[in-house]
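First the proteins, then the strands, lettered A, B, ... as listed; each starts at 1.
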Amino acid sequence: MLDIKLLREQPEWVKQQLARTGSDTALVDAVLAFDEQRRALLTEVEALKAERNAVSKAIGKMKDAAERDVKIAEMRVVGDRISELDRQVADVETDQRLAMLEIRNLPHASTPDGAGEEDNIVIYQEGEPRDMGFEPKPHWELGEALGIIDFERGVKISGSRFYILKGMGARLQRALIQWLLDLHIEQGYSEVYTPFVVKEEAMWGAGQLPKFRDNLYRDEDAGLWLVPTAEVPVTNLYADEILDASQLPIFHCAYTPCFRREQMSAGRDVRGIKRGHQFDKVEMYMFTFPDRSYDDLQKLRADAEDTCRRLGLAFRTKELCTGDLGAAATRTYDLELWAPGQQEWLEVSSCSNVEAFQARRANLRYRPEPGAKPEFLHTLNGSGLGVPRTMIAIMENYQQADRSIIVPDVLRPYMGGIAVITAA
RNA sequence: GGAGAGAUGGCAGAGUGGUCGAAUGCGGUCGUCUUGAAAACGACAGUCCCGCGAGGGACCGUGGGUUCGAAUCCCACUCUCUCCUCCA
């Protein structure tokens, strides 16, 4: 959510910034109209309430019964008018808030302009797609040949885009998750384990609603939603709290499964484990001071890059352009790992500063100085990393001509020392 | 799932229709005293909204209702605690 004061004071500039992302600017005017209406109503109703409060207080002390009855009758009328106005205020407030919740975040000045994905800029690359000396197989072939991924039975149990990991496949994934968490702890993040289902307000707080309603799973009866990313529960960890400045910054890492309906077009990424309805992810998340959030974004990016590096995989970093930026973000880096079997760069991490966008929605504040007014803090999130795609990169990059897969050094301690995955 | 109790400021805990944004204690901040600290004493101190300001309004779990007036009365909901039952 944006700052309403910014909309009031610089509506044209806000629209200009929204236009950079290709987003509709009409909501700005709608919000301002509601805002004006709301404030007019408030002025009126609050004056009436002040009057009622004063008169009611006086009534309590009145001796003269006749005068008293007159005042009570008067206040009855005022009370009815107040109820009426209160209702109107509530309605306008709801309208205004809903409109505010739909407006996306503004891109940072440094975010390059662009129309879409094709205008993202590769700003860094480490390692090259190398010649493996044989024809690398895609991971789905490797997975089936080694008996570590079972697509058919996944579909049998749960439908399309679900799969089963078996034996060394399951173990590799578990090792990866644990290694990722341990690494992030080393990098200065403290681990949290959260619920995987959340209340609807948590989805609003993190900015998943209203935009991604169609991509979320929910339990209608219980009124709970399955998390599409750990970002959702972690964002809401300190919702409605006022943190002490001495507690900040807070860096968390969290493992969760992620559930996404992804009812997108058939035919895209249908093979393999690249895009499932359920996948695992380890997330890094920061609650920090507004004046240092862009420095923290660089740490986030560096930590994600370091994760790729330690796995011994070629990666590259892209700066997203305004046209591809997520709705909550002001500035984002995407990290991609090279997958030689599929011959493509796989997005495994997205590191974003969302400034106070989520903080306003979830009411995340801190007190800059003892006694000072609370302020919204800044939050950042970055995957570290998306597990299935990292699995793909590991399988395809570490495969050998006989289809066996070498276990990356860093994961071996988590695999009981196993160095190579071979057919069972 | 069954029975009971409860939800008030950072915490503890009063308050059962007006003088309550709310006693008291602890904690917190500032000051006096002190070489310093402690103690003692004094003062200050919640959040949100409207307003240039003066000031005004709202908030005692949430949402409704009664009333001129609700922390206080009524209804619904949510949550917490205790006991029982069940369960990984």
Which one is paired to [N], where only Watson-Crick or G-U wobble pairs with both distances under 3.5 angstrom count?
N	result
B/A3	B/U82
B/G42	B/C30
B/C20	none
B/A14	none

Taking the [atom1] atom of each, how far is [N] from [M], in whole Å?
N	M	atom1	result
B/G27	B/G63	P	34 Å
B/G51	B/U16	P	38 Å
B/A70	B/G64	P	14 Å
B/G17	B/C60	C1'	15 Å
B/U8	B/G2	C1'	30 Å
B/G25	B/G18	P	24 Å
B/A45	B/A54	P	16 Å
B/G9	B/G61	P	8 Å

Given RNA chain B, 5'-ward residue of the pair A/Thr43 and A/Lys49, judged by closest heavy atom: A/Thr43
Most 5' of A/Leu42 and A/Met75 on RNA chain B, judged by nearest nucleotide: A/Leu42
Verify whether one side chain among [X] and [Y] offers a donor that lies under 3.5 Å from an acceptor in the other.
X	Y	value
A/Arg20	A/Gln17	yes
A/Gln16	A/Glu12	no
A/Ser350	A/Asp334	yes

Identify whether any heavy atom of [X] sits under 4.0 Å from a base atom; if not, whether one sits that close to sugar-phosphate; answer base, sugar-phosphate or nothing.
X	result
A/Lys199	nothing
A/Arg68	base
A/Arg360	nothing

A/Arg301/A/Glu305 under salt bridge (Lys or Arg N to Asp or Glu O under 4.0 Å): CA gap, chis, key distance, verdict: CA-CA 6 Å; A/Arg301 170 195 163 189; A/Glu305 287 177 344; 2.9 Å; yes
Test log, rule side chain to side chain contact (heavy atoms under 4.5 Å, CB included), inputs A/Met395 and A/Trp140: CA-CA 9 Å; A/Met395 290 172 68; A/Trp140 56 84; over 6 Å; no
Aromatic contact, A/Phe259 with A/Phe196 (centres under 6.0 Å):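 Not under 6.0 Å, so no.
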Contact interval (first through last nucleotide) of RNA chain B with protein chain A, 4.0 Å heavy-atom: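 On RNA chain B, the outermost contacted nucleotides are B/G18 to B/G69.
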Ring geometry between A/Tyr189 and A/His184 (parallel below 30°, tilted from 30 to 60°, perpendicular above 60°): perpendicular
